[in-house]
Amino acid sequence: MDKLVAFFKNIWFRRGVAIACWGYTALMVWIAWLTFGYYFEFENATSLFVLYLFVNIAALGLMILSRKQVITMVNCMLLPPIIFTIVIFGFGNWYIILPPLAVVIAMFFINSSNETLKTVLGTFYLLMYVIGVVAYIAINLFMGKLTVTGLDLNLRDADYEKLSPSGEYRIVRYVDRPGERRTAAYYIEETAQDVEIPFGLCKKVFGSMHVHTASYGGKSDDPIFWTRSVINGIQTEVLDVEGSIRQNPITLKKTTEDNENGSTPVFTGLDPGSAESPEAKDNTAETATS
């Protein structure tokens with residue numbers, strides 16, 4: 001028993017634990033990025049929350065064990081602004097926010113940093129959280145949902161998703177809140193940018209491209225279809241938007257960027273929003289709606 005106690009008290013063991021705790025910090029940075037630009041879909045939300053809670057409790061225990069190490073002290077001083085980004089970008093998703101927020105508050109007081117430093121940084125962080133949250137709520141009340149992606153994920157239609165024939169892209173729909181004239185906005189996302197997490201999937205919203213906005217009469221409304229078309233000898237996935245053929249705006253953007261960088265020009269298809277071109281009409285017989 002004495003050997004076990006001596007092992008846990010060993011300075012090198014505690015330094016190793018302090019270094020390992022930076023893995024938790026890296027995890028929080030990753031979660032902040034997911035709340036920044038991803039839409040969460042859960043297969044089993046309860047199991048994921050239990051796992052997430054366990055990770056936070058384990059990290060708290062390890063940081064308490066190494067609280068006197070300089071590495072842990074620095075870690076505890078850097079975690080509050082990281083968690084602040086999770087609070088702002090994931091505001092309302094308390095199951096994501098509360099566990100790490102509790103860890104950060106506890107470790108800020110438990111770690112053995114200088115008391116004067118704690119007082120100064122604690123005052124700064126408190127103001128940052130209070131002013132940041134109040135400003136966020138005020139902006140939401142007077143200017144609508146504040147998001148970096150420009151999309152309110154609360155308006156996303158979880159039951160609407162149309163994959164392209166290749167499965168590389170999907171069409172999603174955002175329906176505005178009830179009112180006299182409701183509208184639905186359609187966007188395209190890349191499935192390859194999705195991130196798998198335990199018991200769920202994070203679908204990348206950041207970088208999605210707007211396709212179409214139309215009046216919304218009900219869930220049965222579906223003005224957009226995927227279509228394959230062979231144009232100029234190149235088989236291309238295009239969109240049928242209320243009878244007009246449009247190219248996938250993501251592939252069009254990539255093509256434009258390649259041409260600007262001096263790459264070999266490739267067929268760019270149709271301009272988004274344009275009517276069906278004469279070339280597309282010549283190949284109508286070769287078009288198949290998926």
Side-chain angles (χ1 to χ4, degrees), residues 37-41 147-153 155-176 181-196 201-290:
Y38 287 79
Y39 174 75
F40 290 78
E41 280 191 355
T147 62
V148 178
T149 60
L151 298 169
D152 184 351
L153 297 183
L155 302 181
R156 186 179 176 114
D157 188 345
D159 298 324
Y160 184 95
E161 182 176 299
K162 303 189 76 173
L163 289 174
S164 66
S166 66
E168 296 179 0
Y169 304 95
R170 62 171 167 265
I171 303 172
V172 297
R173 177 168 65 188
Y174 293 82
V175 182
D176 64 0
R181 299 180 61 183
R182 301 186 68 185
T183 60
Y186 298 83
Y187 287 78
I188 287 187
E189 301 170 352
E190 293 185 82
T191 59
Q193 302 295 324
D194 296 344
V195 176
E196 291 187 9
L201 179 67
C202 296
K203 297 183 175 181
K204 188 176 181 182
V205 176
F206 186 72
S208 62
M209 303 289 290
H210 177 260
V211 177
H212 184 62
T213 298
S215 59
Y216 179 75
K219 291 185 177 181
S220 60
D221 290 354
D222 199 359
I224 301 179
F225 302 93
W226 284 104
T227 298
R228 284 187 184 273
S229 182
V230 178
I231 304 174
N232 291 346
I234 299 176
Q235 190 175 53
T236 308
E237 291 179 344
V238 295
L239 299 166
D240 183 325
V241 183
E242 295 184 338
S244 298
I245 301 300
R246 304 183 188 179
Q247 188 176 348
N248 181 342
I250 293 181
T251 57
L252 182 62
K253 179 182 178 182
K254 289 180 178 178
T255 300
T256 303
E257 290 175 348
D258 288 341
N259 290 338
E260 290 176 350
N261 293 331
S263 303
T264 303
V266 295
F267 175 70
T268 59
L270 305 168
D271 283 329
S274 67
E276 188 173 1
S277 71
E279 292 176 333
K281 292 180 179 179
D282 291 341
N283 291 277
T284 303
E286 297 177 31
T287 302
T289 303
S290 73

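- Considering only residues two or more places apart in sequence or on other chains, T213 meets the side-chain hydrogen bond (donor to acceptor under 3.5 Å, both in side chains) condition with H210.
- For K203, the salt bridge (charged side-chain N to carboxylate O under 4.0 Å, His left out) partners are E41, E161, not counting sequence neighbours.
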Taking it one step at a time, do V175 and L155 satisfy side-chain contact (heavy atoms from CB on, under 4.5 Å)? CA-CA 6 Å; V175 182; L155 302 181; 5.9 Å; no
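- The side-chain hydrogen bond (donor to acceptor under 3.5 Å, both in side chains) search around E190 returns K254, not counting sequence neighbours.
- Summarising the geometry of L201 relative to V195, their closest heavy-atom pair is CD1-O, 3.4 Å, with the distance given to 0.1 Å.
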Show your working on side-chain contact (heavy atoms from CB on, under 4.5 Å) between I224 and K162 and close with a plain yes or no. CA-CA 9 Å; I224 301 179; K162 303 189 76 173; 5.8 Å; no
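- With sequence neighbours excluded, the residues that form a side-chain hydrogen bond (donor to acceptor under 3.5 Å, both in side chains) with Y160 are D222.
- With rounding to the nearest 0.5 angstrom, the OG atom of S215 is 10.5 Å from the CG atom of D176.
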Would L153 and F40 count as a side-chain contact (heavy atoms from CB on, under 4.5 Å) here? Give the steps. CA-CA 9 Å; L153 297 183; F40 290 78; over 6 Å; no
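- Rounding to the nearest 0.5 Å places CZ of R246 at 10.0 Å from CG of D240.
- Residues that satisfy the ring-ring contact (aromatic ring centres under 6.0 Å, His included) test with Y174, not counting sequence neighbours, are Y187.
- Remark: D194 engages R170 in a salt bridge (charged side-chain N to carboxylate O under 4.0 Å, His left out) (not counting sequence neighbours).
- Across all their heavy atoms, T191 and G167 have their closest contact at OG1-O, 2.7 Å.
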